[in-house]
Amino acid sequence: RRGGGGADHQSADDRERFLRAVAAVYATPTVEGQRLYGKDFRNGMSWFARWHLGSASAMNPWHGGPSFFPSHAMLTSYFERALQSVEPSTAAHYWDWSVDAQLDDWSASEVWTADFFGPVGRGGDSPVVHGRWANVTSPQGLLGTTTNSYGILNEPYNNNRERRLTRTFELCGLPSRAFPLPGCAALASVVDNRAMDQGAQPFEVAAQINYHFELHPLLGGSWDCAVDAKAFVDEERTRGDGANATDAYVAATSAVVRDLASFVLMNFYTSKMDCPDACDVHSDAACRCSCQGANLDAPMDGAQWYSLFVKHVADVMYDIPSPEIVMPFTYELLYERDGAYAFKNLTEAQNERLYEFFVKEVCAPPSFSNFASALASAGDPIFFPVHANYERVWTALRLDKAFDSSWNISGMAQAANVVTGYRYDDPLEPFTEAYGHTREPPGSFYTNREIVALFDPKLPTLPFVYEDLDWDHCSS
């Protein structure tokens, strides 16, 4: 497996073979693909995106715990075999974004050019990705799947009406390039956790907070927001409250749009938000989810906006086990003062404006791209190069004899509300085989413990190696 983008170790021919195979996996239906390429072929949307999305529940066994690494390693292995059924000479190559994080403008990386994983949509009503990815479409009306109100494969709260692949480097109007990609410092914070004698959990938490979560909104984007965040910030700049106050205001506004999908998700799954049962994709009628008890069109005073802010933002954040992972930017800036919630370094008037802004963005949710809607993110082909890079970091740490990939869920926040798949010895559906070996008895699923063993980088039968496990650009 070789690096791409700023860490490009592929020849032009190798890259093109890889990208053509990825495009074929995402554009070819599974039945047709298996007829053309064999039994290892699976479609990127109806199989990979569908399984990564899971059921309509906030408790997804592949996420929110150390099972993230074995589950995604196995999913990437299945994807690699699908690629190799199309093009035997390729592999599940990775993108090391910590290299591109050193660019003055990471959005100008060649990863986003038409020859690679771009071009990127440019905001507007529907930022569709064209070029070689024009044929990537989300299934609609597929039985037994999690869908939005349009019946499109997606998270239930994300009423993006576009079946075609979408991606924009804007977050409610704010340019994503204004925010850095997690780079060498973030990677160092993940690696530093390897020495903690608590198994895989500290590594997973550090990876999620510092090296994973942020990528989804930055690389995916959001549009059709209730409030244009850029205009909101620009208006604040005209008030003349001073540079420090303005910087703090911009930071708080940025936290809102970067954490927005998580707040919408948690409002939906805690039954504080309703979404339409069905919407017509061909109709111009609005199809938004909405917070219960929040009539955003009615005139409200500051106390009423604050009450909604507490219900749909503060309480939602502090009622979940790990808000520092799920809403890291808001968690960093919001605090309780004299029995009331406030953002750091803001005046009372600025806080009041932020309460209203936050409630409007959360309670009239925008459209999120495939990748920004985290559980639906495998619907974007960039998903696998990103997650193969996480596996690369995991592989490097596993070669350090001090690193332990096991875990004990009894000490984890999820223990009180656990689903099958979180525990180390839980089976992980749908993984019945691993790089050609079928688990016995037939029809049973590999456990996390077994997958950890199957992906031991020292295992002679492992069918792939990484070209290198070096981060020389981080040497400083």
Side-chain angles (χ1 to χ4, degrees), residues 97 100-101 105-109 111-112 117-129 154-155 157-160 162 165-182 209 212-237 246-267 288-289 313 317 326-334 343 353-354 356-377 379-380 382-383 386:
W97 58 86
D100 291 349
D105 178 3
W106 59 260
S107 69
S109 165
V111 168
W112 310 115
F117 281 99
V120 175
R122 296 297 177 186
D125 294 331
S126 182
V128 173
V129 179
N154 211 322
E155 296 201 56
Y157 64 83
N158 183 11
N159 279 335
N160 178 356
E162 184 59 66
L165 178 63
T166 52
R167 194 192 302 130
T168 178
F169 288 158
E170 292 183 2
L171 293 165
C172 293
L174 284 181
S176 303
R177 64 180 178 274
F179 312 114
L181 291 180
I209 295 175
H212 176 209
F213 176 84
E214 187 173 3
L215 284 179
H216 285 284
L218 291 187
L219 303 184
S222 55
W223 62 97
D224 190 26
C225 304
V227 182
D228 184 287
K230 184 178 184 302
F232 183 69
V233 166
D234 289 345
E235 181 181 356
E236 182 65 19
R237 295 186 195 278
T246 300
D247 288 347
Y249 197 81
V250 171
T253 304
S254 302
V256 174
V257 296
R258 294 161 86 180
D259 289 340
L260 184 54
S262 292
F263 278 101
V264 175
L265 178 151
M266 292 311 303
N267 269 277
R288 289 187 189 269
C289 303
V313 177
M317 184 170 74
V326 183
M327 298 99 166
F329 305 106
T330 306
Y331 182 80
E332 177 68 22
L333 295 178
L334 188 66
F343 289 92
R353 291 193 289 274
L354 256 298
E356 180 177 345
F357 171 72
F358 215 140
V359 169
K360 286 181 176 178
E361 297 290 54
V362 170
C363 290
S367 291
F368 299 99
S369 75
N370 303 67
F371 198 76
S373 187
L375 295 183
S377 59
D380 188 326
I382 195 63
F383 173 91
V386 165

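Keep in mind that this is a model prediction, so the values were computed, not measured. One-based numbering along the sequence shown.
Atom CG in Asn158 sits 6.5 Å away from atom OG in Ser367 (nearest 0.5 Å). The line from OG1 of Thr253 to CD of Glu361 is 9.5 Å long, rounded to the nearest 0.5 Å. For the atom pair CH2 (Trp106) and CZ (Phe169), the distance works out to 4.5 Å, reported to the nearest 0.5 Å. For the atom pair Leu215 CG and Ser176 OG, the distance stands at 11.5 Å (nearest 0.5 Å). With rounding to the nearest 0.5 Å, the separation of CZ in Phe213 from CG in Leu218 is 9.5 Å. Taken from CZ in Arg167 to CG in Leu219, the straight-line distance is 8.0 Å, to the nearest 0.5 Å.
Between the side chain of Asp228 and the backbone N or O of Gly173, no donor-acceptor pair lies under 3.5 Å. Between the side chain of Ser222 and the main chain of Cys172, a donor-acceptor pair closer than 3.5 Å is present. With hydrogens and angles ignored, the 3.5 Å screen pairs no side-chain donor or acceptor of Glu162 with any backbone N or O of Val128. Using modelled atom types, no side-chain atom of Asn370 and backbone atom of Ala376 make a donor-acceptor pair closer than 3.5 Å.
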Show your reasoning for whether side chain to side chain contact (heavy atoms under 4.5 Å, CB included) applies to Phe179 and Phe329. CA-CA 12 Å; Phe179 312 114; Phe329 305 106; over 6 Å; no

### Task
Apply side chain to side chain contact (heavy atoms under 4.5 Å, CB included) to the pair Glu356 and Val227, showing each step before the final yes or no.
CA-CA 10 Å; Glu356 180 177 345; Val227 182; over 6 Å; no

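A 4.5 Å side-chain heavy-atom check between Val256 and Thr330 finds every atom pair outside the cut-off. Two residues are said to be in side-chain contact when any heavy atoms from C-beta on lie closer than 4.5 Å; Met327 and Val313 fail this criterion. Within the 4.5 Å cutoff, the side chain of Leu174 has heavy atoms near those of the Ser254 side chain. Side-chain contact between Pro182 and Trp97 is present, with at least one heavy-atom pair separated by less than 4.5 Å. Residues Asn159 and Cys289 have side chains in contact (heavy-atom distance under 4.5 Å, counting atoms from C-beta outward). In this structure, Arg288 and Asp224 have side chains that are in contact, with non-hydrogen atoms separated by less than 4.5 Å. The shortest distance between side-chain heavy atoms of Asn160 and Trp223 falls below 4.5 Å. In this structure, the side chains of Trp112 and Ile382 come closer than 4.5 Å at one or more pairs of heavy atoms.
Applying the ring-ring contact (aromatic ring centres under 6.0 Å, His included) rule to Phe371 yields the partners His216; only residues at least two apart in sequence or on another chain are considered. With sequence neighbours excluded, the residues forming a ring-ring contact (aromatic ring centres under 6.0 Å, His included) with Phe117 are Trp133, listed by chain and number.
At a cut-off of 3.5 Å, with distance as the only test, no side-chain donor of Ser369 or Asp380 sits close to an acceptor on the other residue.
Between Ala251 and Leu333, the closest heavy-atom pair is O-CD1, 3.5 Å. Listed here is the closest heavy atom pair of Asn154 and Ser373: OD1-OG, 3.5 Å. Of all the heavy atoms in Leu171 and Pro217, the pair that sits closest is CD2-O, 3.3 Å.
Ring geometry for Tyr157 against Phe368 counts as perpendicular: the plane angle is over 60°, on a 0 to 90° scale with 30° as the lower cut.
Ring centers of Tyr249 and Phe232: under 6.0 Å apart, within the cut-off.
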